[in-house]
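Only one structure is covered here, and it is reproduced in the block below.
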4 protein chains.
Amino acid sequence: MGKKEVPSLVKDEKLIQRRREEMVKAAVSLFKENGFHRTTTREIAKASGFSIGTLYEYIRSKEDILYLVCDSIYDGVKLRLQQDINGEDSGIQGVERAIAAYFKVMDDMQDEVLVMYQEAKSLSHEALPYVLKKELEMTAIFEELLFKVVKQGELHLSENEIPAAAHNIVILGQMWTFRRWALQKIYTLEEYTQLQLQQLLYGIKGA
Amino acid sequence: MGKKEVPSLVKDEKLIQRRREEMVKAAVSLFKENGFHRTTTREIAKASGFSIGTLYEYIRSKEDILYLVCDSIYDGVKLRLQQDINGEDSGIQGVERAIAAYFKVMDDMQDEVLVMYQEAKSLSHEALPYVLKKELEMTAIFEELLFKVVKQGELHLSENEIPAAAHNIVILGQMWTFRRWALQKIYTLEEYTQLQLQQLLYGIKGA
Amino acid sequence: MGKKEVPSLVKDEKLIQRRREEMVKAAVSLFKENGFHRTTTREIAKASGFSIGTLYEYIRSKEDILYLVCDSIYDGVKLRLQQDINGEDSGIQGVERAIAAYFKVMDDMQDEVLVMYQEAKSLSHEALPYVLKKELEMTAIFEELLFKVVKQGELHLSENEIPAAAHNIVILGQMWTFRRWALQKIYTLEEYTQLQLQQLLYGIKGA
Amino acid sequence: MGKKEVPSLVKDEKLIQRRREEMVKAAVSLFKENGFHRTTTREIAKASGFSIGTLYEYIRSKEDILYLVCDSIYDGVKLRLQQDINGEDSGIQGVERAIAAYFKVMDDMQDEVLVMYQEAKSLSHEALPYVLKKELEMTAIFEELLFKVVKQGELHLSENEIPAAAHNIVILGQMWTFRRWALQKIYTLEEYTQLQLQQLLYGIKGA
DNA sequence: GATGAATGAGTGTTCATTCAT
DNA sequence: TATGAATGAACACTCATTCAT
């Protein structure tokens with residue numbers, strides 16, 4: 001399904017998956033603390049409980065780890081998002097609930113979100129598109145949601161307004177984490193969510 | 001006025017300023033291309049037409065360059081913004097015009113904005129606050145603008161809605177650059193500006 | 001026993017010891033020729049048959065090498081000294097023999113002694129005390145020897161004369177190496193030893 | 001009289017001498033603190049109140065400064081020594097007084113002595129002999145003194161004992177400074193002088 | 001499959017020295 | 001004579017990656 005293959009010297013697929021999970025977990029924690037460039041492969045190996053040799057049995061390069069990390073975080077976010085949105089009531093209320101759920105996910109996964117947004121740019125030209133694609137997929141979730149509600153007649157957005165609106169939702173959620181140094185000082189998550197719902201739906205003039 | 005002093009071995013202040021400008025210019029271009037960490041001081045020296053020794057006559061460390069770069073970009077953005085907003089008509093129309101002007105600046109300075117947002121995090125704990133402060137100052141410009149219009153009675157925002165709205169404006173402008181890979185494929189700047197103005201003012205439901 | 005630990009990235013203790021011995025040997029030779037500051041880590045690596053990377057697997061810094069060098073030299077001197085003095089006849093004759101043995105060691109280890117005396121001062125404030133302590137221990141060997149003979153009644157030194165006498169012995173031995181440019185031109189080791197024994201025991205007036 | 005010429009770009013000899021004195025003074029102080037290698041020419045220039053350009057008008061290289069420093073210190077030591085010894089009473093008492101005076105000079109000029117002994121080795125092969133020669137001249141002062149007293153019949157040293165004795169005197173004086181970390185903790189200068197006079201004249205057995 | 005010692009190109013930074021003004 | 005900006009060779013040290021065991 002469009003995922004980038006990361007080759008491994010090891011054959012056992014189950015083992016690969018298990019080991020990589022541990023590596024990714026250690027890497028996220030280290031990247032969060034020191035960033036991708038300041039984190040050494042030795043540190044990642046040590047933090048995940050492997051020797052440096054073993055680490056390189058499961059990846060080809062340091063960048064592979066970054067890709068795996070980004071990939072894993074996206075999967076995590078998307079998984080939680082789909083769970084939370086799933087089967088929700090439709091209409092405007094459904095949109096509101098989805099946004100609130102998304103904001104909650106962003107809040108819960110702050111460290112991961114931060115890592116992804118600060119380090120993804122270090123991916124090579126080869127790997128970057130895969131990650132960008134995931135980002136688009138996430139935006140598409142909200143596009144579809146909006147589209148559905150437009151179709152239901154509860155919303156009157158023209159076709160080219162929908163992508164912009166979806167991007168706005170996605171970014172406003174991420175902003176909660178990457179502007180935490182400002183926003184989380186003046187708002188709680190609940191306040192922030194309420195405020196942004198209000199402004200997203202009705203604008204600053206709309207009320 | 002709260003700027004971080006970057007010491008130089010050279011005494012001539014005019015010369016320092018001139019040389020640093022050239023260095024910053026070269027650095028922005030390189031950082032944009034390869035990122036801060038992948039850019040070497042030698043490359044910066046060469047690209048700005050100096051020897052590595054001369055580079056270090058004007059800065060103490062590689063990080064100083066990053067700080068200078070961020071500092072310079074903020075000054076550039078703010079300068080242009082204040083020029084463009086200055087003396088504008090008041091009321092909602094003034095806000096709209098300011099936002100459009102801001103979006104235009106973001107569009108014109110895409111490379112710089114990108115560098116700032118992707119590399120600022122590499123600043124040391126000592127330098128980061130200075131940059132964050134500048135970011136807040138930029139947000140404050142819009143806060144004040146909104147506050148004025150609220151006072152004029154043309155806008156009905158409560159006090160704690162204003163910061164959120166200002167952050168939204170700032171971020172939506174930056175989003176035009178750091179999501180260029182998606183947005184600039186489907187919108188022109190003018191379309192994007194119109195769309196975002198509409199949604200900022202009236203929301204997706206508001207119309 | 002009060003030694004400074006020098007950490008290594010390599011785990012195999014035996015290997016560490018073996019490799020470091022080779023490095024120290026190469027370093028002594030280079031330090032003797034060009035001094036600590038004029039010797040580069042690359043030269044040390046090359047002379048000991050390793051890559052620069054490998055060198056740094058076994059030490060943390062250039063200064064570590066200097067410490068290791070000093071440490072190793074002291075151990076060497078002390079070891080030989082204790083072997084040569086061990087089980088010797090007592091009384092004045094024992095002292096004479098010990099001094100002669102010590103002078104012989106100084107003569108045999110001229111390069112090392114020279115390095116130690118000329119470069120130890122380049123040790124950091126952290127490492128210096130460890131080296132000074134070793135020097136004191138060497139002095140203490142002669143203090144004890146003298147003390148024993150005083151107790152035996154063959155020597156009539158007051159308590160505060162003993163340290164001075166011990167320092168004199170130590171220095172006069174080292175002088176043979178660090179004033180080689182003068183002394184070794186006019187004396188053989190044997191002559192020097194005889195002369196100094198005479199003067200140490202009876203003074204210039206005493207005969 | 002056997003001095004090494006250090007060329008200068010400046011013609012005025014008086015000026016050269018005056019400027020160099022200031023440079024040497026600053027350099028001694030810096031060398032004492034940080035050693036020759038850790039002291040930069042810029043620091044020396046600054047500390048002596050000149051620009052780096054001016055510094056190089058009066059010397060050709062950093063090493064020239066070291067030579068000038070050593071030279072100046074030797075001159076200082078010798079000058080004071082000759083003043084203090086001059087016209088003294090003859091015989092053994094004259095020797096004793098000379099030694100005590102020499103020890104006093106060493107004590108007064110500790111910093112300079114230390115610099116000379118720790119940094120002289122950094123002189124090039126070209127300059128070193130000049131400094132060694134000075135050291136020999138100092139030894140010769142005591143050789144002559146001893147020779148005179150032997151001739152007077154108050155001392156019975158054979159011809160080849162005299163150089164050794166003179167070297168011993170010189171070194172024991174220097175030892176007071178370069179073993180200060182041990183000796184100056186247990187003796188005052190007066191105690192040390194008395195002790196060493198006793199041992200020099202009568203030895204440890206002689207009394 | 002696992003280990004960890006070995007590698008060396010590459011990095012930020014320093015500093016003695018020069019030379020145009 | 002005096003200045004100080006410019007230079008670049010040289011340095012200590014790092015770290016992703018390999019490969020023999």
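Within the structure, every side-chain polar atom (N or O) of B:Y56 is placed at least 4.0 Å from both OP1 and OP2 of E:dT14. Contact annotation: D:T54 side-chain N/O to F:dT3 OP1/OP2 distance is under 4.0 Å.
A cation-pi arrangement, defined by a distance under 6.0 Å to the six-membered ring centre and an angle within 45 degrees of its axis, is absent between B:K133 and B:Y74.
Looking at the side chain of A:R19, the nearest of the listed nucleotides E:dA2, F:dA5, E:dG1 is E:dA2. Of the listed nucleotides (F:dT17, F:dG4, E:dT7), E:dT7 has the atom at the smallest distance from the side chain of C:S51. Of all nucleotides listed (F:dA6, E:dT17, E:dG12), E:dT17 comes nearest to the side chain of D:I52. For B:V10, taking side-chain heavy atoms from C-beta onward, the closest of the listed nucleotides F:dA5, E:dT13, F:dA16 is F:dA5.
A salt bridge links B:D75 and B:K3; the closest N-O separation between the charged side-chain nitrogens and carboxylate oxygens is under 4.0 Å.
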Intermediate values then yes/no, salt bridge (Lys or Arg N to Asp or Glu O under 4.0 Å), B:E57 and D:R42 = CA-CA 13 Å; B:E57 293 272 307; D:R42 267 179 163 100; 2.8 Å; yes
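The base of E:dG10 sits with one of its N or O atoms less than 3.5 Å from a complementary donor or acceptor on the side chain of C:R42.
Heavy-atom nearest nucleotides on DNA chain E were determined for D:E57 and for B:H37, and the one closer to the 5' end corresponds to B:H37. Where A:G53 and C:K62 meet DNA chain F, the nucleotide closest to each residue was compared, and C:K62 sits on the side nearer the 5' end.
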